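Everything on this sheet refers to the single structure shown next.
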Amino acid sequence: MLLTGCSASQPGNINNICSIFEEKSGWYDDAMTAQERWGAPVHVTMSIMYQESAFRSDVKPPMRYFLFIPIGRGSSAYGYSQAQDPVWEQYVAKADRWFASRSDFGDSIDFIAWYVNQTYKINGISKWDAYNQYLNYHEGWGGFKKKTHASKSWLLKTAKKVSQRAAEYSRQLKKCNL
């Protein structure tokens, strides 16, 4: 038997949350389960995932080179959530998700929802505030507290896009026939 690939394909229309959930059987249930478990709104978690991986399961940071010699990747980020090893391991332990995989949509959306919940607990950011949730997601809880994002105009623009996408996803979700 020949395997043609191990990674899931990206949804055809990632700008429409209804299209995503119609195309990807089971993703809506996974997203709703994560929302129920952690209280993180689907439109927020999905907008973060859009920004991090554009719903691709096997994304890694680009390889870095010295001259022509590969010297490794910029970080350990991987998969749908682009979670780095240390925080992924923290999630796995604290959420009792020992067999979770960053290349699995359900596990990744659960991770993002967990992270949103932790951000609420640690930094007091509303679970509905996609802008500041994304800044926490990108910079980490300590980085957000230290305001490491304040001098990164590109990141503030990205957080604004995440917030705008979350608002659009929220509008779309209300009209989905799921």
Side-chain angles (χ1 to χ4, degrees), residues 10 14 17 27 30-31 33-65 70-170:
Q10 179 186 43
I14 62 174
I17 199 166
W27 281 21
D30 289 337
T33 298
Q35 176 177 290
E36 290 165 11
R37 185 172 187 200
W38 303 109
V42 168
H43 63 279
V44 172
T45 56
M46 290 290 285
S47 67
I48 290 171
M49 187 179 286
Y50 177 108
Q51 184 58 45
E52 291 299 292
S53 69
F55 305 105
R56 291 172 295 164
S57 65
D58 57 355
V59 179
K60 295 178 185 176
M63 186 63 74
R64 295 180 304 163
Y65 294 88
I71 59 171
R73 300 191 184 277
S75 80
S76 61
Y78 177 71
Y80 287 111
S81 62
Q82 286 298 285
Q84 294 189 38
D85 292 348
V87 72
W88 182 261
E89 291 162 7
Q90 184 180 356
Y91 159 73
V92 165
K94 291 193 176 197
D96 289 327
R97 303 280 299 207
W98 299 105
F99 299 103
S101 168
R102 290 176 277 186
S103 62
D104 179 87
F105 175 85
D107 294 337
S108 290
I109 200 74
D110 192 74
F111 167 81
I112 295 170
W114 171 83
Y115 199 96
V116 165
N117 184 55
Q118 291 300 114
T119 296
Y120 170 72
K121 288 180 177 180
I122 294 167
N123 284 334
I125 303 301
S126 168
K127 296 175 186 180
W128 296 82
D129 180 352
Y131 181 86
N132 284 298
Q133 281 287 343
Y134 184 73
L135 291 175
N136 271 270
Y137 196 85
H138 192 276
E139 297 296 282
W141 303 303
F144 183 84
K145 280 183 185 177
K146 293 176 189 172
K147 300 189 183 311
T148 57
H149 56 278
S151 63
K152 299 175 181 175
S153 61
W154 63 270
L155 179 58
L156 300 176
K157 288 177 188 171
T158 301
K160 186 174 181 180
K161 286 181 188 176
V162 170
S163 181
Q164 291 168 338
R165 185 169 298 105
E168 181 63 22
Y169 276 178
S170 179

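Model, not experiment: these values are computed from the prediction.
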If only atom types and distance count, is the side chain of [X] paired as donor or acceptor with the main-chain N or O of [Y] below 3.5 Å?
| X | Y | value |
| --- | --- | --- |
| N123 | I125 | no |
| S47 | H43 | yes |
| R102 | A83 | yes |
| T148 | G143 | yes |
| S170 | A166 | no |
| Y115 | N136 | yes |
| Q133 | S126 | yes |

Mind checking whether [X] and [Y] have side chains closer than 4.5 Å, heavy atoms only?
| X | Y | answer |
| --- | --- | --- |
| H149 | K147 | yes |
| V87 | Q90 | yes |
| W114 | Q118 | yes |
| R37 | N117 | no |
| Y137 | S81 | yes |
| I112 | V44 | no |
| T158 | Y131 | no |
| D58 | S103 | no |

Distance check, rounded to the nearest 0.5 Å: [X] atom [atom1] versus [Y] atom [atom2]?
| X | Y | atom1 | atom2 | result |
| --- | --- | --- | --- | --- |
| I122 | K145 | CD1 | NZ | 6.5 Å |
| T33 | E36 | OG1 | CD | 5.5 Å |
| M46 | I14 | CE | CD1 | 10.0 Å |
| R97 | F111 | CZ | CZ | 12.0 Å |
| Y80 | S108 | OH | OG | 7.5 Å |
| Q82 | R56 | CD | CZ | 8.5 Å |

Pick from I109, D110, V116: which one makes a side-chain contact (heavy atoms from CB on, under 4.5 Å) with W38?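 Running side-chain contact (heavy atoms from CB on, under 4.5 Å) over I109, D110, V116 with W38 returns exactly one hit, D110.
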
**Study point:** Set of side chain to side chain donor-acceptor pair (under 3.5 Å) partners for K161, sequence neighbours left out
**Key:**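 K161 satisfies side chain to side chain donor-acceptor pair (under 3.5 Å) with no residue once adjacent residues are dropped.
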
Surrounding NZ of K152 (heavy atoms of other residues, nucleotides or ligands, distance under 6.0 Å), is the total greater than 12?
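Yes, NZ of K152 has more than 12 neighbouring heavy atoms, counting only those of other groups under 6.0 Å.
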
With a sphere of 6.0 Å drawn around OH of Y120, does it hold more than 12 non-hydrogen atoms of other residues, nucleotides or ligands?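 Not more than 12 within 6.0 Å, no.
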
Please verify the inter-ring angle class for Y169 with F55; under 30° counts as parallel, over 60° as perpendicular, anything in between as tilted.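 Geometry flag for F55 against Y169: tilted rings.
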
For [X] and [Y], work out which heavy atoms get closest and say how close.
| X | Y | answer |
| --- | --- | --- |
| A150 | L156 | O-CD1, 4.0 Å |
| A93 | W98 | CA-CH2, 3.5 Å |
| L155 | E139 | CD2-OE2, 3.4 Å |

(message) Testing the 3.5 Å rule here: is there a donor-acceptor pair between the side chains of Y134 and E52?
(response)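 Judged by distance alone, the side chains do pair up.
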
(message) Before we go on, tell me: are the rings of W88 and Y91 under 6.0 Å apart, centre to centre?
(response)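 Yes, they do, as the ring centres are separated by less than 6.0 Å.
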
